[in-house]
Amino acid sequence: MIGLVDCNNFYVSCERVFQPSLEGRPVGVLSNNDGCVIARSTELKAMGVEMGTPAFRLQPCLQRGEIHLLSSNYELYGDMSARVRMVLEEGVDEVEPYSIDEMFVRLEGLDDAALTRQARSLYDDVRRYTGLPVCVGVGPTHTLAKLANHMAKSSAAYQGVCILTADSDETRYLLRHTPIGDIWGLGRRLAERLALLGLRNAWDLRNADAKTLRRHHSVVLERTILELRGISCIAMQDDEARRRIMVSRSFGRATGEWQHLREAITQHAQHAAEKLRHQRSLACALYVFLKTNRHRHDQPQHTPELVVALPHPTNDSRPIIATARRALARIHRPGYRYMKAGVMLLDLLDTEHHQLSLLDTTDDTEHPRNERLMTTLDTLNRRMGRNTISFGLPTANAPWKLRCGNLSSRYTTRWGELLKVKA
DNA sequence: TCTGGGGTCCTAGGACCC
DNA sequence: TCTGGGGTCCTAGGACCC
């Protein structure tokens, strides 16, 4: 069987671990730049605040003190996620992180009673050791585990743990009451198209002809149908290496100035290179883009982009930054007010399997030195905080820097920001 | 005034090969 | 008039996820 451990209102819960006064109150966490709501506490959801609501629309509630809005603190959330993973790894053999707040676990060779005990103990352990509330869903396939988790979350009767078998009355009942759009992997588009065929809920789909639907739609749909029947089609993924690495941010204020754009791209290229080294990969190419503010219909729009090859496969920040800057120079057009910039690393290779290029002119003795330099850089930045050492010194108060008006402390990753306890 | 930042997989169609 | 039958690789774009 496969379990899905999903943290409840993850970002909000991370904040509450260190600010217990937020417990029981309507709390939202905002996207970068404090732009819109990306996580909501149960209380905030109950007030009718939708995902993606722009922060400015909530100003009245905020000023009346009815709600709390926090800037997002990814350093904290990332670290809390790693802790959840460690707790799960104590309890089960195989953990597959699916997103920052969800992890699949493999639960094999257990009878019904043992399965229930195991799921319950994962539920208790994560809460006890990290302070985060979770729900646990268990099923014969990823898709059914996902559904079970949804049930555990939405009905208090389950007390946070729901176990579904392929062919029980309970499963049948739940499938009948699950709209197609709520099934993992099937979105709004497909739901609309399937509705035309009279298929409305998961039970209809489970009993539909998988081969025909594959022909008219896609193999993804066929797999989902089989998964709903309890036939596992989605493998656990063990390789953690990403195939693309993207770093992009909206700016705090729009800017068209070359110097500012160059700083933003430099910073993004640096962070991307850091991520690249962390997963032990090399990039062969990169992609750079700029965007103007698409919500400003009164201003001229420009969204240039460019893919360029790197001189050779590398994870060294310097050629990556240099290439990104050259690409920027080619796409930047004066006279536009840009609102977002980004760098994506492409065609990633595993460091181990890399073949040195005949055309690579770097002296062989340079490679180990460059590697040591990058390793030192990463170690310092990891220990002392990101950007302790960086290429180029960004302008103070540059317009491209993020706005984050209500950022909580990085309680678990910065010595200077530890929680203070008053006696 | 103010609207996020990442990812994945699949498909269709073009270019090209024998 | 008639104009094969495979195959691979690459890319853009759609759909979906959190």
Side-chain angles (χ1 to χ4, degrees), chain A residues 4 6-11 28-40 49-60 62 69-74 77-78 81 96-104 142-143 146 149-150 153 180-194 214-224 233-235 237 239-254 264 268 271-272 275 279 284-285 287 289 291-299 305 307 337 339-348 399 402-405:
Chain A
L4 175 63
D6 188 322
C7 302
N8 305 347
N9 315 324
F10 181 61
Y11 295 171
V29 173
L30 302 174
S31 63
N32 277 322
N33 263 325
D34 295 345
C36 63
V37 175
I38 56 167
R40 304 161 296 158
V49 174
E50 295 294 323
M51 202 71 161
T53 305
F56 66 85
R57 285 211 195 118
L58 297 172
Q59 278 307 314
L62 188 64
L69 294 180
L70 303 168
S71 303
S72 40
N73 185 345
Y74 287 105
Y77 312 149
S81 177
E96 178 199 13
Y98 174 67
S99 71
I100 195 166
D101 69 332
E102 287 174 64
M103 311 203 184
F104 286 107
H142 284 74
T143 305
K146 195 84 184 167
N149 194 286
H150 183 69
K153 274 215 162 74
I180 283 185
D182 286 0
I183 303 168
W184 187 42
L186 307 188
R188 195 170 44 86
R189 296 291 166 136
L190 210 49
E192 282 168 12
R193 289 165 66 187
L194 293 174
R214 173 187 179 143
R215 235 178 296 125
H216 292 110
H217 299 272
S218 73
V219 65
V220 178
L221 182 57
E222 182 192 34
R223 286 206 283 251
T224 301
C233 304
I234 298 171
Q237 283 183 328
D239 66 319
E240 285 184 62
R242 303 263 167 243
R243 303 157 64 129
R244 290 197 276 245
I245 289 175
M246 167 94 128
V247 177
S248 74
R249 293 286 181 278
S250 293
F251 301 156
R253 303 191 303 275
H268 296 342
H271 287 168
K275 288 189 186 184
Q279 70 164 43
C284 300
Y287 164 86
F289 71 85
K291 285 182 200 291
T292 45
N293 188 345
R294 64 195 164 93
H295 300 287
R296 292 293 299 266
H297 302 295
D298 56 322
Q299 292 182 356
E305 50 179 18
V307 174
R337 297 169 52 73
M339 197 53 199
K340 184 172 182 175
V343 173
M344 184 154 59
L345 298 175
L346 304 167
D347 301 343
L348 306 191
L402 289 180
R403 282 187 313 247
C404 35

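Within every chain, numbering begins at 1; the chains are lettered A, B, ... in the order of the sequence lines, protein sequences first and strands thereafter.
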Identify each atom pair where a protein N or O and an N or O of nucleotides 12-16 of chain B are less than 3.5 Å apart, giving names and distance.
none

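- With a cut-off of 3.5 Å on both pairing distances, the Watson-Crick and G-U wobble pairs of DNA chain C assemble into stems of 3 or more at B:5-18 with C:5-18.
- In this structure, A/Ser72 does not reach the B/dG4 phosphate: none of its side-chain N or O atoms is under 4.0 Å from OP1 or OP2.
- Counting to the nearest Å, the P atom of B/dT3 and the NE2 atom of A/His297 are 12 Å from each other.
- There is no side-chain donor-acceptor pair under 3.5 Å between A/His268 and A/Arg249.
- For A/Arg337 against A/Ala254, the heavy-atom pair with the smallest separation is NH2-CB, 3.8 Å.
- The separation between A/Tyr74 atom OH and B/dG5 atom C1' is 7 Å, rounded to whole Å.
- Counting any heavy atom pair closer than 4.0 Å across all strands shown, A/Leu30 reaches no nucleic acid atom.
- Following rounding to the nearest Å, A/Leu190 (CG) and B/dC9 (C1') show an atom-to-atom distance of 14 Å.
- At the phosphate of B/dC2, OP1 or OP2 sits under 4.0 Å from a side-chain N or O atom of A/Arg296.
- Under the 4.0 Å criterion applied to side-chain N and carboxylate O atoms, A/Glu102 and A/Lys146 are assigned as salt-bridge partners.
- The backbone N or O of A/Ile234 sits less than 3.5 Å from a side-chain atom of A/His142, completing a donor-acceptor pair.
- Taking atom CH2 of residue A/Trp184 and atom P of nucleotide B/dT8, one finds them 14 Å apart after rounding to whole Å.
- The same atom, C1', is picked in C/dC17 and in B/dG4; the two are 15 Å apart, to the nearest Å.
- A/Lys146 has no side-chain polar atom (N or O) that falls below the 4.0 Å cut-off from OP1 or OP2 of C/dC17.
- Remark: the backbone N or O of A/His295 is paired with a side-chain donor or acceptor of A/Asn293 at under 3.5 angstrom.
- Within the 4.0 angstrom heavy-atom criterion, no nucleotide atom of any strand lies near A/Leu221.
- Between A/His142 atom NE2 and C/dC18 atom C1' the separation is 15 Å, expressed in whole Å.
- Remark: C1' of B/dG5 and CG of A/Leu402 are 11 Å apart, rounded to the nearest angstrom.
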Task: Step-by-step side-chain contact (heavy atoms from CB on, under 4.5 Å) determination, A/Val219 to A/Arg223 - done: CA-CA 6 Å; A/Val219 65; A/Arg223 286 206 283 251; 4.1 Å; yes
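- Map A/Ile245 and A/Val219 each onto its nearest nucleotide of DNA chain B; the residue landing nearer the 5' end is A/Ile245.
- Phosphate proximity of B/dT3 to A/Lys340: absent, as no side-chain N or O sits under 4.0 Å from OP1 or OP2.
- In this model, the phosphate group of B/dG7 is not approached by any side-chain N or O of A/Ser99 to a distance below 4.0 Å at OP1 or OP2.
- A/Ser250 has its side chain out of reach of A/Lys291: every pair of non-hydrogen atoms, C-beta onward, lies at least 4.5 Å apart.
- Among the heavy atoms of the strands, none lies under 4.0 Å from A/Asp34.
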Open item on the list: Run the side chain to side chain donor-acceptor pair (under 3.5 Å) test on A/Asp34 and A/Ser71 for me, step by step, so that the C-alpha distance in whole Å, both residues' side-chain angles and the decisive distance to 0.1 Å come before the verdict.
Closed with: CA-CA 6 Å; A/Asp34 295 345; A/Ser71 303; 2.8 Å; yes
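- Atom pair A/Tyr11:OH and B/dG5:C1' shows a separation of 9 Å (rounding to whole Å applied).
- What separates NE2 of A/His271 from P of B/dG6 is a distance of 11 Å, to the nearest Å.
- Side-chain N/O atoms of A/Arg243 include one lying less than 4.0 angstrom from OP1 or OP2 on B/dC9.
- Residue A/Glu102 is in sugar-phosphate contact alone, with no base atom involved, counting any heavy-atom pair closer than 4.0 Å across all strands shown.
- The side chain of A/Arg223 places an N or O atom within less than 4.0 Å of a non-bridging phosphate oxygen (OP1 or OP2) of B/dC10.
- Residue A/Gly35 is the one, among A/Arg244 and A/Gly35, whose nearest nucleotide of DNA chain B lies closer to the 5' end (criterion: closest heavy atom).
- Contact annotation for A/Met51: no contact, since no heavy-atom pair falls under 4.0 Å across all strands.
- Remark: A/Tyr11 pairs with A/Tyr74, A/Tyr77 by the ring pair (Phe, Tyr, Trp, His ring centres under 6.0 Å) rule, at least two apart or across chains.
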